[in-house]
> 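The structure that follows is given in the form of structure tokens.
Letters go in sequence order (proteins before strands), and every chain restarts at 1.
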Protein chains: 2
Amino acid sequence: MPRIRHERFDCSPGCTVEGTLRYIDGKWKGVVLYHLFEGTLRFNEIRRRIPNCTQRMLTNQLRELEADGLIARKIYAEVPPKVEYSLTPRGRSLEPVITALKIWGDANVTLAPEVSQAAA
Amino acid sequence: MPRIRHERFDCSPGCTVEGTLRYIDGKWKGVVLYHLFEGTLRFNEIRRRIPNCTQRMLTNQLRELEADGLIARKIYAEVPPKVEYSLTPRGRSLEPVITALKIWGDANVTLAPEVSQAAA
DNA sequence: CATGACGGTATCCTTTTCGACACTATGTGC
DNA sequence: GCACATAGTGTCGAAAAGGATACCGTCATG
């Protein structure tokens, strides 16, 4: 089980910052949330949008987001299984945060696929 | 060495979000930045503000932040060593991001030391 | 009968992260 | 001579995160 890690934040002021980070941290959560801002998606729709994420990891991240009350999981009792994920109001309230992250990232993060060739 | 982990982000749009997260993620970085927004601080001043962080971890986080160009490290060649940390312009540009995180956290993160008693 | 889509689990393993602890150098105060 | 303060470094080990891979049940299709 992914373990809830936001049990205590007794460090100092500014820790709600860390607290928020614990919600959206986790390799794929930011991207998942980002895609869900567009609207409700099925499991495999999300998968296809994040090809580098393994099925196991995606399930993990979704479960944690769900446990944190950020996304809702709706299961349809159909025969080819159908599960839809959508943001809860709480999840949607993260939009300004994600937006702030994206704005800074667009300005400051270099998405350079060719950098990794340096060692060759 | 802390290893730079922002080598590639080829996953999908929204990944600058992840990119930004890689900069401010890391257990204590958010708090360190938060305290540095107040102004320049010496090593032990930061330590005292974040008692739960070990010396080694603090050094680590500061080194990573420095390597990422977010903070500046100024060493005074004095005899009781004196090192001052301050934000670079790039680091300061993170302020809206940290602020967004803090706003959400203040509203949504429960700093509840008593919640962890649930299992008892 | 075999295959594929769907939405997962279970298991294993590697990498990364984090914390504890000891140790360093230099100078001051006792 | 001893302890203390500053600002670290080094090593060790536990724990967590992440990735690879295989497997599950069900129904439709070929």
> Mind checking salt bridge (Lys or Arg N to Asp or Glu O under 4.0 Å) for A:Glu38 and listing every partner two or more places apart, or none if nothing turns up?
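If we apply the salt bridge (Lys or Arg N to Asp or Glu O under 4.0 Å) test to A:Glu38, skipping adjacent residues, the hits are A:Arg49.
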
> Would you call B:Asp106 and B:Lys102 a salt bridge, using N to O less than 4.0 angstrom?
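Between B:Lys102 and B:Asp106 there is a salt bridge, with a charged N closer than 4.0 Å to a carboxylate O.
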
> Roughly how many Å is it from CD in B:Gln61 to C1' in C:dG19, rounded to a whole number?
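In whole Å, C:dG19 C1' lies 12 Å from B:Gln61 CD.
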
> Starting at atom CG of B:Asn60, determine the distance to atom C1' of C:dT17, rounded to an integer number of angstrom.
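The distance from CG of B:Asn60 to C1' of C:dT17 comes to 9 Å, rounded to the nearest Å.
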
> Excluding sequence neighbours, so at least two apart, what forms side-chain contact (heavy atoms from CB on, under 4.5 Å) with A:Arg47?
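For A:Arg47 the side-chain contact (heavy atoms from CB on, under 4.5 Å) partners, ignoring immediate neighbours, are A:Phe43, A:Asn44, A:Gln55, A:Leu58.
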
> Please state whether the phosphate of C:dT17, meaning OP1 or OP2, lies under 4.0 angstrom from any side-chain nitrogen or oxygen of B:Trp28.
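Checking B:Trp28 against C:dT17: no side-chain N or O falls below 4.0 Å of OP1 or OP2.
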
> Kindly write out the residues that satisfy side-chain contact (heavy atoms from CB on, under 4.5 Å) with B:Glu95, not counting sequence neighbours, or none if the list is empty.
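B:Glu95 satisfies side-chain contact (heavy atoms from CB on, under 4.5 Å) with B:Phe37, B:Arg92, B:Thr99 only.
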
> Expressed in angstrom and rounded to an integer, what is the separation of A:Arg22 atom CZ from C:dT17 atom P?
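These atoms are roughly 12 Å apart.
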
> Please report the distance, rounded to the nearest Å, between CD1 in A:Ile50 and P in D:dG19.
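Going from A:Ile50 (CD1) to D:dG19 (P), I get 12 Å.
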
> Starting at the 5' end of nucleotides 3-10 of chain C, put B wherever the base has a protein heavy atom under 4.0 Å, S where only the sugar-phosphate does, and a dash everywhere else.
---BBBBB

> Could you pull out every donor-acceptor pair under 3.5 Å between side chains of residues 74-84 of chain B and any protein atom, sequence neighbours left out?
from	atom 1	to	atom 2	distance (Å)
B:Tyr76	OH	B:Glu84	OE1	3.0

> Using only side-chain N and O atoms of A:Lys27, determine if any of them is under 4.0 Å from OP1 or OP2 of C:dT16.
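A:Lys27 to C:dT16 OP1/OP2: no side-chain N or O under 4.0 Å.
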
> Rounded to the nearest Å, what distance is computed from the CE atom of residue A:Met57 to the C1' atom of nucleotide D:dA20?
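Checked: the CE to C1' distance equals 13 Å.
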
> What is the distance, rounded to the nearest whole Å, between atom NZ of A:Lys29 and atom C1' of D:dA17?
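The answer, rounded to whole Å, is 11 Å.
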
> side-chain contact (heavy atoms from CB on, under 4.5 Å) with B:Glu66: which residues, sequence neighbours excluded?
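If we apply the side-chain contact (heavy atoms from CB on, under 4.5 Å) test to B:Glu66, skipping adjacent residues, the hits are B:Arg63, B:Ile71, B:Arg73.
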
